[in-house]
Amino acid sequence: MKLHVTQENLQKALNSVSRVATGRGTLPILSNVLLKIVGNRLSIAATNLDIAITHFIGAKVEAEGSITVPARLMQDFISSLPSGVIDLDLQDNKLHIRTEKYESTINGVSAEEYPVMPAITNGKELSIDAKVLKNGLQQVLVAASVDESRPVLTGVYIHTHEGKLFLVATDSYRLAEKELNKTQEDVSMLLPASALQDLLRVLSDADGTVDIIHDDQQALFRVADVELVTRQIDGKYPDYRKLIPSKFELQATLSKAEFINITKVSSLFARESAGSITIHLDEKEQQVSIRSIASQLGENVASATAKVEAEGTITLNSRYVLDALQCLQGEEVVFSFNGKLDPCVIKDTKNKDYIHVIMPLKS
């Protein structure tokens, strides 16, 4: 293998794939990245057996070949080099790296020992605008569980319902649902939230569309010069729509910025009670007030002007409320619930394609 690439392109590719490289368990080669000539391009790939990311960059190729090298060392070394052309020359599993003023040799391991993700054959195809997908993932990933004892809840459910494509995540204490667009495709994928966090990093500066190819076991996302493959999670996603109330008896409309402020202030006094805050809708005063108590430190009441349609009280986790508010994009929010033991819904007054459900705490 012999080729010439630019430092900028190689560094960008290594940054996007190296995060996945981990020396997990008895396979130390997983801490390596795979360098391989594909056509007239260099592919840089990494996998942890659950996720695989491949980044293609343009190269001036003189001889084909492949090798795996330590991801951390390669990433740190290339990022330390000045911008310009880098010469890569593979000889006897040793990768010689040269620039005008730097010369280094990295000992590699044969590419034949590197695991390969199974290919997706006869998969269904779907295309989504990159910015729409990025925005949707940012709004739902916060609600995915990190508890591995319930693997189904550690994923994001991507599915169609009544001709519309949805993203959903829940940890059983809260739920986020985002409607993406209309589609004629029949889609049902349950993908690890960790893999979609990696996809989100790939999407950070992407334009155009994301092409998705999926079967019953895996899904492949193709974004410009990057491909990400992830396994699907086995299991049936809960029928979450039953959790979302269709009508509300108690509702308040208020400024998102003010709601965030009074929740942040109240959360300071809610630390010893696991973030517990009591939210009261006051119809007479037309305001929303939040009360929190710290037995050793004191207590706090913070209020914001609101349009209140009925009076009531509910106790919630302050962190969940703040997470939900940060996901909303408009300037005004609607806060709704039916009773102190019923789920509450927070949504935008204008953007109807996103809702966030939070389960109450026992007060």
Side-chain angles (χ1 to χ4, degrees), residues 136-157 159 161 166-179 190 193 233 235-254 256 259-260 262-264 266-267 269-281 288-293 302 304 306 308-328 333-348 352-363:
L137 289 173
Q138 287 174 329
Q139 289 182 298
V140 304
L141 278 168
V142 68
S145 175
V146 294
D147 183 3
E148 295 293 340
S149 66
R150 300 182 69 186
V152 166
L153 300 187
T154 64
V156 173
Y157 184 37
H159 69 289
H161 178 72
F166 290 90
L167 301 179
V168 181
T170 180
D171 58 7
S172 78
Y173 303 108
R174 53 186 169 168
L175 180 146
E177 181 197 65
K178 173 72 173 182
E179 178 189 325
L190 182 53
I233 298 173
K236 184 175 174 59
Y237 207 70
D239 187 4
Y240 71 91
R241 293 182 190 278
K242 293 179 180 178
L243 298 173
I244 305 174
S246 56
K247 295 181 180 179
F248 298 99
E249 297 175 7
L250 302 148
Q251 189 162 286
T253 304
L254 68 160
K256 182 181 79 170
F259 202 175
I260 289 174
I262 62 175
T263 305
K264 276 185 178 176
S266 300
S267 69
F269 290 80
R271 289 169 180 166
E272 69 178 55
S273 60
S276 173
I277 56 173
T278 300
I279 302 176
H280 179 67
L281 309 191
V288 171
S289 62
I290 302 180
R291 185 167 186 255
S292 52
I293 299 173
V308 179
E309 297 177 17
E311 194 150 330
T313 300
I314 191 169
T315 301
L316 300 172
N317 182 311
S318 58
R319 183 169 66 86
Y320 292 171
V321 175
L322 285 171
D323 284 347
L325 291 171
Q326 300 287 4
C327 288
L328 297 172
V333 299
V334 180
F335 179 79
S336 314
F337 60 100
N338 287 316
K340 65 179 183 178
L341 298 179
D342 296 316
C344 83
V345 170
I346 302 177
K347 57 186 179 181
D348 213 302
K352 308 294 185 183
D353 56 4
Y354 178 76
I355 60 170
H356 204 108
V357 182
I358 304 175
M359 301 303 293
L361 302 172
K362 291 182 179 178
S363 54

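In this text the structure is predicted, and so the values were computed from the model without any measurement.
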Peer 1: Can any side-chain N or O of Asn338 pair as donor or acceptor with the backbone N or O of Lys247 at less than 3.5 Å?
Peer 2: yes
Peer 1: Could you pull out the closest heavy-atom pair between Ala143 and Ala169, with the gap in Å?
Peer 2: CB-O, 3.5 Å
Peer 1: Are Leu175 and Ile244 side-chain neighbours, meaning at least one heavy-atom pair lies under 4.5 Å?
Peer 2: yes
Peer 1: So, do Glu311 and His280 sit near enough that their side-chain heavy atoms are less than 4.5 Å apart?
Peer 2: yes
Peer 1: Do the ring planes of Tyr157 and His159 sit parallel (below 30°), tilted (30 to 60°) or perpendicular (above 60°)?
Peer 2: parallel
Peer 1: Do you know the tightest heavy-atom contact between Tyr237 and Gly155?
Peer 2: OH-O, 4.3 Å
Peer 1: Drop me the distance from Tyr320's OH to Leu322's CG, to the nearest 0.5 angstrom.
Peer 2: 12.5 Å
Peer 1: What distance separates Leu243 CG from Thr170 OG1, expressed to the nearest 0.5 Å?
Peer 2: 7.0 Å
Peer 1: Distance from Leu361 atom CG to Leu316 atom CG, nearest 0.5 Å?
Peer 2: 6.5 Å
Peer 1: If I compare all heavy atoms of Val152 with all of Lys236, which pair ends up nearest, and what's the gap?
Peer 2: CG1-O, 3.8 Å
Peer 1: Strictly distance-based, threshold 3.5 Å: is any side-chain N or O of Arg174 a donor or acceptor partner for the main-chain N or O of Val142?
Peer 2: yes
Peer 1: Please report the interatomic distance CZ(Arg291) to CZ(Phe269), rounded to the nearest 0.5 Å.
Peer 2: 12.0 Å
Peer 1: Taking atom NE2 of His356 and atom CG of Leu328, what is their separation to the nearest 0.5 Å?
Peer 2: 8.5 Å
Peer 1: To the nearest 0.5 angstrom, please state how far the CG atom of Leu167 sits from the CD atom of Glu179.
Peer 2: 10.5 Å
Peer 1: Can you find a pair of side-chain heavy atoms, one from Lys178 and one from Gln138, that are under 4.5 Å apart?
Peer 2: no
Peer 1: Is the backbone N or O of Cys327 less than 3.5 Å from a side-chain atom of Gln139, with the two atoms forming a donor-acceptor pair by type?
Peer 2: yes
Peer 1: Heavy atoms only: give me the nearest Val345-Pro245 pair and the separation to one decimal.
Peer 2: CG2-CD, 4.0 Å
Peer 1: Side-chain contact, heavy-atom cut-off 4.5 Å: Ile279 with Phe335?
Peer 2: yes
Peer 1: Are the side chains of Ile260 and Gln326 in contact, using a 4.5 Å heavy-atom criterion?
Peer 2: yes
Peer 1: Could you give all pairs that pass the side chain to side chain donor-acceptor pair (under 3.5 Å) test and reach residues 144-154, with sequence neighbours left out?
Peer 2: Asp147-Ser149
Peer 1: For Ser318, what residues pass the side-chain hydrogen bond (donor to acceptor under 3.5 Å, both in side chains) criterion, not counting sequence neighbours?
Peer 2: none
